[in-house]
Structures are given as structure tokens and as C-alpha cells.
Amino acid sequence: MFPEAFAYYAAHTLDEALDYVDQYGYDAKILAGGQSLLPLMKLRLAAPAVLIDINAVAELTGVTETDGQLHLGALTRHSTMEFGCWPQHPLVAEAAQQIADPIVRNRGTVAGSLAHADPAADWGAVLLALNARVEVRDKHQSRAMPMREFFIDTFTTALQPTEIITRVEIPAPPAFGYVGGHYYKLERKVGDFAVVGVAVTATLDQGGRVLSAGIGLSAVGTTSLKATGAEEILVGQRLTPELISEAAQVAASESSPFGDRRGSEEYKRAMVQVFVERGLLAIAEGGSRVTVHSA
Amino acid sequence: MALEATEKSPLGKAIKRKEDPRLIRGQGRYLDDIVLPRMLYMALVRSPYAHARIKSIRLDEARRVPGVKAIITGEDLAAANLAWMPTLAGDKQMVLAAGKVLFQYQEVAAVVAETRAAAEDGAQCVEVDYEPLQVVVDPFFALSSEAPVLREDREQKDNHIWHWAVGDQGAADEALAKSPVRVKEKIRMPRVHPAPIEPCGCVADYQKSTGKLTWYVTSQAPHAHRTVLSLVSGLPEHLIHVISPDVGGGFGNKVPVYPGYVCAVVLSLQLGRPVKWVESRSENIATTNFARDYHMTAEIGATEEGIVTALKVSTVADHGAFDAAADPTRFPAGLFSIVTGSYRFPQAFAEVDGVYTNKAPGGVAYRCSFRVTEASFLIERTMQSLALKLGLDPVELRRRNFIRPEEFPYNSPLGWTYDSGQYEKTLQKAMSLIDYDGLRAEQAQRRERGELVGIGVSTFTEIVGAGPSNTFDILGIKMFDSCEIRIHPTGKAIARLGTRHQGQGHETTFAQLIAHELGLSAADILVEEGDTDTAPYGLGTYASRSTPTAGGAAALAARRIRQKAQKIAAHLLEISPDDTEWDGIHFHAKGLESRQVSMVDVALAAYTNLPEGMEPGLEATFYYDPPNLTFPNGAYIAVVSIDRGTGQVKVERFVAVDDCGTVINPMVVEGQVHGGLTEGFGIAFMQEIAFDEDGNCLAPNFMEYLVPTAVETPNWETGRTETPSPHHPIGAKGVGESPNVGSPAAFVNAVVDALSPHGVTNVEIPMFPWKIWEILSQHHLAR
Ligand SMILES: Cc1cc2nc3c(=O)[nH]c(=O)nc-3n(C[C@H](O)[C@H](O)[C@H](O)COP(=O)(O)OP(=O)(O)OC[C@H]3O[C@@H](n4cnc5c(N)ncnc54)[C@H](O)[C@@H]3O)c2cc1C
């Protein structure tokens with residue numbers, strides 16, 4: 001349980017961090033919360049020659065809200081999202097509190113989770129459902145992309161070795177109506193990675209018609225998935241039991257789980273259906289609705 | 001409210017645990033806290049293959065790693081005649097692979113270095129060339145003629161280890177044939193692991209100048225380990241000093257001697273420097289002793305009225321690559337013959353076949369008195385099947401078959417003499433605590449609404465406290481236990497016992513017991529265990545044996561002291577010993593209670609003012625050989641509901657009523673019950689060490705081997721009845737393991753009860769949600 005030897009640099013500014021990644025490229029790994037990277041290193045499954053610690057980079061911290069839009073600095077910890085108060089984004093806190101345990105949540109970062117790109121991680125599904133954008137930067141330029149372009153494969157993202165994630169942006173929900181959001185995570189015990197995770201969010205107008213819908217799926221594919229087909233079925237419709245059931249079936253068919261010791265492919269697909277249905281029913285019933293803006 | 005240790009007459013009182021302030025404040029001293037001058041660290045090279053021949057081992061690169069001091073392989077050990085070591089079960093086990101490996105993660109070489117990191121760097125650079133061989137994972141295949149012979153070292157050229165049978169097979173068969181009602185059930189208890197939070201480890205400190213080896217080791221049985229080490233290594237036993245420091249949980253996992261221990265000792269002998277070895281979590285789960293892994297078949301015969309007539313059991317026991325069970329020598333299947341449980345079976349027969357496979361060796365008694373959990377699970381599950389077949393309430397079936405209070409001492413058909421019990425009363429208590437009749441009515445209503453709700457009952461009997469020395473030994477050493485008490489001049493005392501607690505609370509409970517016998521308080525008695533140079537010889541703590549054996553020794557040693565104290569008291573009171581009376585706190589003159597002296601007065605006199613000719617001092621040692629085992633029992637009732645969408649089972653309520661005879665400290669008993677129930681819950685719902693077809697261990701860490709936390713753990717409701725053991729000096733029976741033994745069947749019976757209206761009679765553990773969901777979807781219950 002001891003990592004192989006490595007060089008360690010602590011960056012104090014973003015520019016300094018970008019210089020380091022530029023210099024060491026593939027040999028280096030960014031150290032954020034360390035909650036994915038360090039276990040891998042201790043098991044000697046990862047052996048980066050250089051660690052670049054970004055924890056002291058102030059530019060990467062903090063969450064700000066402008067007009068309902070959330071900007072998360074790359075070092076935003078899971079626990080910040082758990083305890084933050086953003087009524088227009090009910091999904092965020094509900095999901096954050098289901099990640100790992102309090103100790104991991106105090107250290108682990110949202111951007112670190114995205115960069116690690118474990119298909120069973122929770123933020124991927126949640127941020128796909130929320131249509132978030134990821135902002136990345138290297139020494140020379142910065143670029144932004146929607147979440148659904150970010151994940152390429154298991155543990156593989158659109159991030160270049162010389163790039164750092166700087167920000168994650170969660171757009172504001174439509175300006176009228178109600179927003180609801182739920183994260184369902186089937187875990188074998190607390191702190192477990194999801195057997196299946198489902199993030200469901202929807203905004204409804206005064207008449208109960210769906211203005212926007214987001215469905216993200218964890219642990220049922222080679223990456224976190226966005227159930228775009230199911231989302232499309234919902235938009236412009238009322239959340240009737242029939243529609244909910246149809247959307248749940250479509251979402252299940254959009255998943256492509258593997259059977260393992262946590263359950264068969266069939267089981268996991270069925271769980272996607274169960275959770276999408278439960279999430280949409282809960283939103284339809286309105287128990288957790290939050291008014292976005294009174295019209 | 002818990003009481004302070006200064007309480008007088010402390011027996012039966014909820015005294016705060018004396019060890020807690022130290023342990024809670026991080027001032028415990030565990031194995032890994034021990035750091036000695038010039039200490040080296042050891043790491044093990046382990047096999048990635050489950051079955052392979054070793055073609056070559058190259059050490060050059062590893063030797064070049066900075067800090068590496070020495071490396072040993074099986075060949076080096078063979079030269080010292082240490083390549084193999086005896087297991088407690090009378091088999092032998094490779095210390096470091098001798099020519100081939102027989103399970104994944106088997107020990108192949110040991111690397112010692114100046115730091116832990118350097119030792120691991122060195123281990124990573126050892127190059128081993130393996131030639132993979134056919135892997136045998138399935139014990140039934142292992143028994144077939146097509147299977148390769150795994151243990152080429154044995155004369156016997158197959159994978160069968162032993163056959164063990166008990167009872168009258170002919171009579172059992174005949175009784176079964178005549179029985180109008182029969183049920184047969186296949187019951188599997190998968191391979192699980194005790195998984196103590198502190199893994200195993202040791203520091204071996206050999207001083208060349210004195211020839212003395214001080215061996216700090218995570219041990220539940222330090223004296224036994226000293227003797228085994230002396231026999232294996234040839235070191236004189238008086239020059240081996242075993243110290244088992246605070247132990248962070250054992251549950252049976254710290255009874256055996258492991259290859260890592262032997263390697264650390266060999267390297268310390270070779271280098272003359274202290275060598276520390278502490279295994280990682282994965283090493284602990286994947287290589288040290290597992291438990292269970294029993295494939296059982298049971299058949300019960302009964303009358304139409306539900307009176308049981310016969311029980312027949314056959315079992316295949318998967319021991320892995322070496323039979324490293326820690327059972328008493330004459331009991332290769334442990335005390336599995338308690339399988340008739342709490343019921344009056346006129347006839348019974350049980351047989352077990354031990355088998356080798358390419359898996360880690362074992363199996364140990366995980367919080368259980370040698371295979372009692374397997375036996376209890378089997379009978380309590382099969383009784384459920386019988387109840388279903390007869391259409392009887394499981395409670396009613398049990399009532400009709402319980403051994404009745406007046407039948408004790410009861411001789412079971414498989415050879416045990418049960419000491420005492422009031423099974424009906426204990427069950428009744430559990431039923432009223434949970435409102436059984438109300439629950440059944442509520443269940444009927446909820447079923448109407450489409451809910452899946454189940455109530456599970458388990459009324460188990462254990463057998464603990466090995467044991468009478470005429471029957472029980474480990475490698476020839478009789479299973480008695482011991483206590484030595486020394487009273488100091490100021491009336492304070494130190495007591496040392498041959499057991500070694502790992503969280504059971506001995507520092508409190510044994511202090512209470514001794515204090516009670518001597519008219520002192522628990523605060524007056526320091527209890528010390530785990531140091532073989534100071535404690536009297538004993539066999540250690542496992543199988544719920546400490547209170548039945550060492551507890552008996554403690555009471556009797558205290559009474560020996562009281563005999564002498566009485567003479568001193570008489571001298572102080574200036575009366576004859578025969579006119580002196582003990583009232584539990586004081587000695588006084590018969591009929592004149594105001595003329596009294598306390599044990600404190602007597603203690604001072606023992607060193608300052610003795611009767612003519614009396615030997616000074618006030619101390620006693622007692623080696624207690626119990627006349628019989630003790631038979632704790634209990635009645636557990638679980639209530640569960642099943643989520644028809646996901647297959648998740650929620651334990652809504654769980655009532656555990658235990659009868660462990662005389663209770664020394666109800667709070668400690670409750671703590672033991674809570675811990676054991678939580679482990680039983682883990683076993684029923686979360687835990688299994690599975691293997692793929694190549695023999696890869698699929699749960700070698702806490703991400704896959706799931707240990708319940710406070711979040712998942714149900715709320716436990718406890719109660720007790722107190723039926724003393726007639727033969728134990730204070731009537732106590734032992735309780736540490738009852739909850740782990742009795743609870744798994746209660747959980748499964750509850751889930752089966754929820755599903756039985758739909759034709760389900762058995763659910764295999766662990767009851768993962770996906771497994772339940774598959775049953776739901778087969779029966780069109782999923783939604
Ligand atoms: C016991 C345990 C349980 C867990 N359970 C869960 C769970 O239930 N659900 C879940 O989602 N996660 C879980 N995790 C993972 C946890 O959420 C991690 O915190 C997260 O995956 C990684 O974030 P981090 O900040 O710790 O990243 P690190 O471990 O520091 O880094 C992870 C990877 O991301 C890269 N990286 C980090 N930050 C950046 C950046 N700004 N730009 C570019 N690359 C970057 C690193 O180089 C590294 O490759 C668990 C972890 C543990 C230890």
C-alpha cells in the first residue's frame with residue numbers, strides 16, 4: 001500500500017500549474033482531492049512520475065451564482081455542493097450527499113470526478129442531466145464543451161495531457177415554472193459506487209407541461225450516459241403515468257450495462273426504468289417542486 | 001445508565017468498560033504502533049495465479065533496490081526445513097511456495113528492507129516465472145476423478161481430505177423412511193471472512209546475544225502460538241516471549257499461525273534485527289483464514305402433526321489449498337454435530353467431507369464455536385421449510401419440538417449433553433417484545449395491499465466453552481484455561497488469564513467477576529492478558545470460551561484466595577476460622593456482624609500480620625478444566641419488507657432474546673449482541689468471497705467485500721432470559737458468538753416468509769438486491 005516514488009510540485013497559481021502540465025505532459029498527473037488518484041497509486045495501478053498539486057490555486061476555488069447559472073471552480077468539493085443552497089438546482093445537493101462518505105466528500109472535487117471519468121461516478125450523470133459545460137485550459141488557450149462531448153470512454157475524456165479543467169457551468173433552468181430533480185442511487189452499502197445511478201430533472205410550466213427535462217445515467221455504460229431519447233419524449237408534454245412509463249422504458253433501452261457481481265445486464269436495465277419512473281413520478285407529484293421564478 | 005467501576009458487588013451490573021477510555025482516546029497500543037530500534041520491514045511477493053508451477057525466481061533486480069536487506073524464497077526455507085508448517089487442523093501448509101502455488105495471492109517470497117516502501121519496491125522487482133496449471137474452484141469437481149491432484153505432497157492421490165460422520169446412519173435412514181412428512185433442503189453457507197479492522201501482523205525481535213525471541217503478534221491465543229513456534233522453529237520455548245498487544249478485532253481470524261509470521265521470525269533470526277510485517281487489507285481478506293464455505297444438504301422427517309423424527313445431513317467442506325481450520329484436533333468439522341439444535345430429534349446422522357481446492361486455506365470459526373454457525377443455519381432454515389410444508393406457523397412447529405426444561409441435562413442423538421435452557425420461555429419473551437400476533441395480523445393486511453412482508457424466526461442452541469480436556473485439544477494441548485490473581489498489600493489486585501480479549505471487555509468483566517468473589521470493586525482489579533512471560537498458560541479467546549473456561553478459573557482462583565483470607569480474617573478477629581463467615585463484602589464473626597474485617601484488611605495482614613506459621617502473601621492460580629461445554633441459546637425474530645422495484649430488503653425490526661446463563665455485565669453482553677447481529681446481517685445480505693473460474697478472488701478488498709456500517713445496520717432490540725449453567729462456577733455460558741450464529745437464519749427465514757405465498761422456499765445468501773429481484777421477476781412480482 002505504498003506508491004512508487006514520484007516527484008511532487010505544488011502550484012500556487014493557475015499559470016504555474018499550467019506551466020507544470022505543459023512541461024511534464026503525459027508523465028504528470030494533477031492532484032486535486034486525491035480520492036481517486038491516490039488509491040490507484042497506493043495499489044500501484046497508477047504510477048505517475050510527477051504530481052502537480054493544485055489545492056493551493058485560489059483561482060480554482062469557489063462557487064458563484066449569476067441569474068440562476070452556477071459556476072463551479074475546479075476545486076469545488078463534493079461537500080460544498082452537498083451543503084450549498086441553490087434552490088433552482090435541487091438535484092445537485094441530493095446527488096452530492098450520496099457520493100462516498102463525508103471524509104471523501106470533504107476532499108474529493110467535482111472536476112476531479114469528471115477528469116477521472118469513471119462511468120460509475122455520480123457527477124457525470126448529474127451534470128449530463130443538467131446540460132452542464134466544462135471549461136478547460138492549457139498554457140495557451142481555453143475552451144469549453146458541453147458535458148456530452150467530454151466523456152470519450154471509460155477513464156478517458158476530451159482533456160489533453162497539457163490541459164486543466166478550470167470550471168464547470170450549470171445553466172439556469174428556464175425562467176418560468178417549477179423545477180424538480182432527484183438522484184437515485186442503488187448502492188450495496190453507504191459509500192459504495194452506484195450499482196445503477198439515475199439523475200432526473202425537469203422544469204414544468206404552470207400548467208404542468210414539461211419545459212425541459214434531463215436524465216443522466218451512472219454505471220450502465222462505458223461512460224456516464226445522457227438519455228436524450230427519453231428527454232425528448234417528455235418535452236412539451238404533461239407528466240401522465242403513461243408518458244412517464246414510456247420515458248422510463250426508453251431510458252432503459254438507451255442504457256447499455258454490463259452484467260457483473262452487482263447485477264445482471266437485465267437487472268441494471270430494469271433499475272434504470274424503475275428509477276426514471278420514480279423520479280418523474282416524484283416530480284409530477286410535486287412534493288419537491290421549487291418555484292423558479294413567479295411569472 | 002452505566003455504572004462506575006468503583007461499584008461494590010459488581011456482578012450483573014452494567015459497569016462502564018475499563019478499557020474504553022484508553023481505546024477511544026487513541027491510546028490503545030496495537031501491533032502496528034510498535035516501533036523498535038533498528039527495525040526492518042517485510043513485504044511478501046504473492047502469486048497472481050491460483051494454480052501454477054514455479055519455473056524460476058529471479059532476485060537480482062530486487063536485491064538492487066535501495067534499502068533491501070534480504071530476500072527469502074521457499075528454497076531457502078526448505079534448506080532450514082521450514083518450507084512447510086503444521087496447521088492447527090493437523091494438515092501442513094507451505095510457508096513460501098515450494099515448487100508450486102495452490103491459490104491466488106499465495107506467499108512466494110519475503111523481502112525485508114529498511115522501510116516499508118522499499119520492501120514493497122523490492123517485492124515488485126522479484127521476477128517469478130509461472131507455468132499455469134488447471135485450476136480447481138468447484139469442490140464437487142475437485143472430488144471427481146477428472147480433477148487434477150492439487151496436493152502432490154500427500155500420499156493420498158486425490159483431493160479428498162477426510163470424511164467425518166456422527167450418529168446412527170441406519171437408524172436415521174429408517175426413521176426417515178417411516179416418516180410421513182419429509183423435507184429436503186440444499187443449504188449453502190458461502191465463503192466469508194472475519195475481516196477484523198486491524199489486519200494481522202507481527203514484529204519478530206531476535207537478540208543474538210541472549211538467544212531470546214520477543215514476538216509481538218496479533219494473536220487470539222498467545223500461549224498456543226508460543227508452543228507452535230517453538231515446535232516449528234526448534235527455539236527453546238522459554239526463550240520465546242509472545243506479546244499480543246491490543247488486538248483490533250479477531251473473530252477467529254487471529255487464531256492461526258500465518259506464513260508471514262514465520263517469515264518475519266526467520267528473517268529476524270537470520271539478521272539479528274527486529275522485523276515487522278503488517279499485511280494490507282487485501283492480503284488479510286484474500287489469504288488469511290476465511291470461514292464457512294459449506295455445501296450442505298439436510299433432510300428432516302416428521303409426523304403429520306409436525307413432531308420431528310429424524311435429521312440427516314451431508315456436507316462438502318471446501319477448505320481451499322490446505323486444511324487450515326482451527327478446530328479442536330478430534331473435530332475436523334468442529335462442533336457441527338450441534339446440528340440437531342433446540343429440538344428433540346430421536347435420530348440423527350451427519351457427515352462431512354473435507355475437500356481441497358485452489359483457494360486460500362481455512363476455514364476458521366468466524367465468531368462461532370467451530371462450525372456452530374453452519375449447523376445452526378442449516379437446522380433453522382430447514383425447520384422453516386418443514387413449517388411451510390406442514391402449513392404450520394414456524395413458532396408453533398418449534399414449540400412442538402423444543403427440548404423441555406425438565407429434560408435437561410439432555411443427551412442429543414449426536415452425542416452432546418446440553419446443560420440447561422428454557423427455550424419456550426425465551427421464545428415467548430421474543431414474541432411479546434415484538435408483538436408476534438399483532439405482527440402476523442399486520443402482515444396479512446399489508447399482503448392484501450400487495451406488499452411483500454416477512455417474519456423470520458430462529459431459535460438456536462449453541463455449544464461453547466471448549467472444553468473438557470478429555471475431549472478437546474489443539475495439537476495435543478488440552479483445552480483448559482487459567483487465571484492467576486495476586487492481591488497487593490493495599491487490597492488492590494492484578495489478575496492474569498490465559499485468554500486474550502480483542503474487544504470483548506475482559507478487562508471489565510473479569511475484574512467484576514473477581515471483585516465480586518473478593519468483596520472488592522472492578523476498579524480494584526487490573527486484568528492483564530496477552531503476555532506469555534507473565535500470564536498462566538491458556539488456550540486463548542475464541543469459540544466463546546473465555547467466560548466458560550478462564551471465567552471459571554477466575555472465580556475458582558478467587559475462591560482459593562478467599563479460603564486463605566478466611567484464616568487471616570479469623571486471626572485478625574481473634575476467633576477460629578470455623579466461626580468466621582463471609583457475607584460477600586466482609587468476614588465477620590458468626591452471629592456478630594459488627595465484628596468484621598474487609599478483604600483490604602486481610603490483604604494488608606497477609607504481608608504484615610500473619611497467623612503463626614502461615615506462608616506470607618495472598619495469591620492463587622487456578623487451571624480450570626470445565627466438566628462440560630455450555631449451551632447458550634436464543635430466540636430471534638426478524639421483520640423484513642421487500643422493494644418490488646429493486647429487490648432491496650429492508651429489515652424493519654429485529655428482536656434478539658439471548659440466554660447466556662448468568663450475566664456478568666448486561667451492557668457488555670448487549671454490546672456483544674449488537675456486534676454479532678451486525679456481522680450476521682452482513683453475512684446474510686452483503687458478504688461472499690467468490691472466485692472466477694481461474695481462481696481469481698473477486699472480493700479481496702472492502703470495495704467488494706462489504707462490511708455493514710451504522711447506516712445500513714438495522715435497529716437491534718434485545719432482551720434476555722437467564723438460565724444459569726448448572727456446572728459453571730458462576731452459571732455463565734458465553735455470549736460473544738450467539739448473535740452471529742443465530743441471526744443469519746432469522747434474516748433468510750423472514751425473506752422466505754415474505755415470498756413463500758408465491759412458492760419460494762429457499763433464498764441463498766448473501767441476499768443481494770439483484771438476487772431477490774431475479775426471484776421477483778421469475779414469480780412475476782417485480783415492478
Ligand atoms: C472510499 C471512496 C468512495 C468513493 N465513492 C464514490 C461514489 O460513491 N461516487 C463517486 O462519484 N465517487 C466516489 N469516489 C471518488 C471520489 O468522488 C473522488 O473524489 C473523485 O472521483 C475524484 O476527485 P478528486 O478531486 O479526489 O480527484 P483526484 O483523485 O485528485 O484526481 C482524479 C483524476 O482527475 C485528475 N484531475 C483532478 N482534477 C483535475 C483538474 N482540475 N483538471 C484536470 N485533471 C484533473 C487527476 O489528475 C486524476 O487523474 C469515492 C472515493 C473513495 C476513496
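Order of the sequence lines fixes the chain letters, A, B, ..., with proteins taken first and strands second; residue numbering starts at 1 for each chain. Because only heavy atoms are used, hydrogens play no part in the values below, and waters and symmetry mates are left out as well, while side chains stay in.
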May I ask you to check whether A:Phe155 and A:His116 place their ring centres under 6.0 Å from each other?
yes

Pick one of side chain, backbone, both or neither for B:Glu712, based on which atoms fall under 4.5 Å of a heavy atom in chain A.
side chain

Between B:Asp643 and chain A, which part of the residue has a heavy atom less than 4.5 Å away: side chain, backbone, both or neither?
side chain

Can a side-chain donor-acceptor contact be found between A:Asp53 and A:Tyr8 if the only test is distance below 3.5 angstrom?
yes

Quick check, are the ring centers of A:Tyr267 and B:Trp773 under 6.0 angstrom apart?
yes

Checking A:Arg262 against chain B: side chain, backbone, both or neither under 4.5 Å from a heavy atom?
both

Any side-chain donor paired with an acceptor under 3.5 Å for A:Tyr183 and A:Ser218?
yes

Between B:Gln124, B:Glu283, B:Met686, B:Arg281, who has the most heavy-atom pairs with chain A when the cutoff is under 4.5 Å?
B:Gln124

For chain B, find which of A:Arg261, A:Glu4, A:Met271, A:Arg44 contributes the most heavy-atom pairs closer than 4.5 angstrom.
A:Arg44

Considering only NZ, NE, NH1 and NH2 on the basic side and carboxylate oxygens on the acidic side, decide whether A:Glu187 and A:Lys185 come within less than 4.0 Å.
yes

At a heavy-atom distance under 4.5 Å, which candidate from A:Glu266, A:Arg188, A:Met1 has the highest pair count against chain B?
A:Arg188

